[in-house]
2 protein chains.
Amino acid sequence: MAPILVVGSVALDSVKTAEGESREALGGSAVYFSLSARQFASVTLVGVVGKDFPKRHRQLLDGRGIDLSGLREVPGKTFRWVGKYGRDANEAKTLETHLNVFAQFKPHLTPTQARSEVVFLANIDPELQASVLSQMRRPAVVACDTMNYWISSKPEALKELLSRVNIFFVNEEEAKKLTRQPNALRAANVIGEWGPEVVVIKKGEHGALLKVGRKTYAFPAFPLESVKDPTGAGDTFAGGFMGYLASCGGFSDLAHLKRAVLYGTVMASFTCEEFSTARLETLDRCELDARFSDLVERISVPVDPVFIAAN
Amino acid sequence: MAPILVVGSVALDSVKTAEGESREALGGSAVYFSLSARQFASVTLVGVVGKDFPKRHRQLLDGRGIDLSGLREVPGKTFRWVGKYGRDANEAKTLETHLNVFAQFKPHLTPTQARSEVVFLANIDPELQASVLSQMRRPAVVACDTMNYWISSKPEALKELLSRVNIFFVNEEEAKKLTRQPNALRAANVIGEWGPEVVVIKKGEHGALLKVGRKTYAFPAFPLESVKDPTGAGDTFAGGFMGYLASCGGFSDLAHLKRAVLYGTVMASFTCEEFSTARLETLDRCELDARFSDLVERISVPVDPVFIAAN
C-alpha cells in the first residue's frame, strides 16, 4: 500500500445551507482529502495553520492516523472561508475568503515526504502545485485538482502543470471554462491532450465522468434524500478515489479506476450528510463497505453475456 | 411480445439549437415514442393530424411498421410547436404553441386497440389520459408521462390518474414541482405513495433515477460529444423503456426494469444526434445493440463477488 502525500488548505469554514449552519468548523481541501483517503492508505498532510488553530482539530486528525509532520503552525490566523448554498446544493456562493497565513504558504518537503509514491495537489496556486511536484522524487502517481479562481487567473501555469500530472480532478463547469468547450466530454478530451492519462469530471449530485485513454465512462452519484452540507464533497471524492488507488498500488488498471470512482462517490455521499467533517470523523470501514455494496446494487445492470463479450 | 398502444401528440416542430435549426419537421410525443418502441415491439399510434399533415410523414411511420389505424386526419391544421435551446441543451424554451386540431383531440379506441396489453399515455391533458385508460380492457401495464403545464393547471386530475398507473415518467424539475419536494429522491418517494409501482425520474444529460419498491437506482446518460437537437429525447427514452419491457412481457422483474433504463438511454442518445426524427428513421437494431453494449461497458464496474453477495 503506497503512502499518499496531500498538499492543500486547512481551514476554518462558516457555512449556511438550507438545512442549517456551521461556524468556524474544520475544513479545507487537504483536511477533507485526508479524512477520506485515510480509510484506504496512510496519509501525510502538508499545510499551514495559524496560532488560533484549535488543538482539538489537530488531535482529531492525528487520532485518525493522519501524519501531521507537514502541518506547520505559524504566527497569524488560520485560513477562513465563509459561504452559503441555496436550495440547489450544487453550487457554493463564497461570501468571504480570508487567506491569512495561507497567503504565505510555500511548502518545503522533508526527504521522507518527497519520497511519497502518490501525491495529491489540492486546489492551490498552480505555480505552488508545480513547485511541490518539483520537490518530489519520482512519484508513481501525481494527481491534482483546481478551481475557478486559478482557471481565470493562471490558465497557462495550470496547463503547464497538467502536462506533468497523471490524474486530474475538475468540476464540469470548470472543465468547460478551462477548455472553452460547451460539452463535458469534449472538455475531457481536450484536457487529455494536455497530459493527464486520467481525467475525472465531477458533476456533484449528478455523478462523475471518468476519461481513460480514448474512452469516457459515466457514473451517477449515490442517491441522497437530503444534503446537509456539500462542502468538501469534491475533495472527499478525490480522497476516496486516490486512497483506493494507492491501496491497489497503481492506476493503469481500468477496473481499479472504475472502482475508485465508486469509492470516491461513497465517501462524498457521507460528507454531504453532516456539516463540516462530522460524518467523516465517525465513519468506519464497515459502514463504508456497506454503502459501497449498496451503490453497486443501485447502479449495476445484469446483462446478457453477449453484450459483455462484445467489448 | 405484447403490443403497445401509445396515445399522444403528432406535431410539426420548428426548432433552433446551438447546432442549427429545423422547420416544420416531424415531431410530437407519440411519434418519438413510436419510432423508439417499434425497435422492440409492435406499436399502435393513436393521435390526430390536420389535412396539412404531409403524406411522406405518414408513409415514413407506416414504413417503420407503426400501426396508424388510430391516427385520425380531420379538417384543420396539424399541431405546431416552435422552440429553441441555448447552449445548455437540457431545457427547451417554447416560443409558440398552436394546438390546432389537437385542441379537440378526444381519442375513441377501437375494440382491438382497447385490448392492447401495454399502454403509454404521453403528456396530454390528464383528464384525457384518464378517459383513454377507462376505455382499455385490463391492460397489463399502464405508463404515462406529463409536463409542467398539466402540473400547474390540473395537479389533482394528474394525481388521480397516477393512482391508476404502474409506471410514471417525469422530468426531475417537474417531479419536484408536483410533489413540492426539494430533492429528486424524496419526490420519487412521494409519487410512489400516490400509486405507481415504478417511478422514472428523467434528468436529461445527467441520466435517470429508477424507483422500484422502496429502492432507487441511478443511471448516467450515454456520454455524447454533441447534442444537435434534444427534442423528443424524453419520449424516445420512454419508447425504448416500454418497448423493451413489452418484449419481456412484464414489469415486475428488477433486472428487466434496469435494462429498460439502458435501452431508453440508448434510444434517447440517438435522438439527440440529429434534428427531429432523422436519426431514429435510419436506426437499425444492429446499431442499437452496439450502443447498448458500449453503454454497458461505460457504466459497469467489476466488483468483488463479496459486494454482490451482500445484496
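Each chain gets a letter, A, B and so on, in the order the sequences are listed, and its residues count up from 1.
Side-chain contact check for K215(B) versus D294(A): some heavy-atom pair is nearer than 4.5 Å.
Looking at R298(B), its side chain never comes within 3.5 Å of a backbone N or O of A218(A) through a donor-acceptor pair. At distances below 3.5 Å, not a single donor-acceptor pair connects side-chain atoms of K258(B) with backbone N or O atoms of P302(A).
Only the backbone of A221(B) comes within contact range of chain A, with at least one heavy atom under 4.5 Å from a heavy atom of that chain. Looking at L224(B), only its backbone comes within 4.5 Å of chain A, counting heavy atoms on both sides. Heavy atoms of L262(B) lying under 4.5 Å from chain A belong exclusively to its side chain. Heavy-atom distances place no part of L254(A) under 4.5 Å from chain B, backbone and side chain included.
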Worksheet item: Are E205(B) and L185(A) close enough, and set up right, to give a side-chain contact (heavy atoms from CB on, under 4.5 Å), and what steps lead you there?
Response: CA-CA 11 Å; E205(B) 65 166 323; L185(A) 200 57; over 6 Å; no
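In terms of heavy-atom proximity, I299(A) sits nearest to F219(B) at O-CE2, 4.1 Å. Minimum interatomic distance between P223(A) and T216(B) (heavy atoms only, all atoms of both residues): CG-O, 4.1 Å.
K177(B) NZ: more than 12 foreign heavy atoms inside a 6.0 Å radius.
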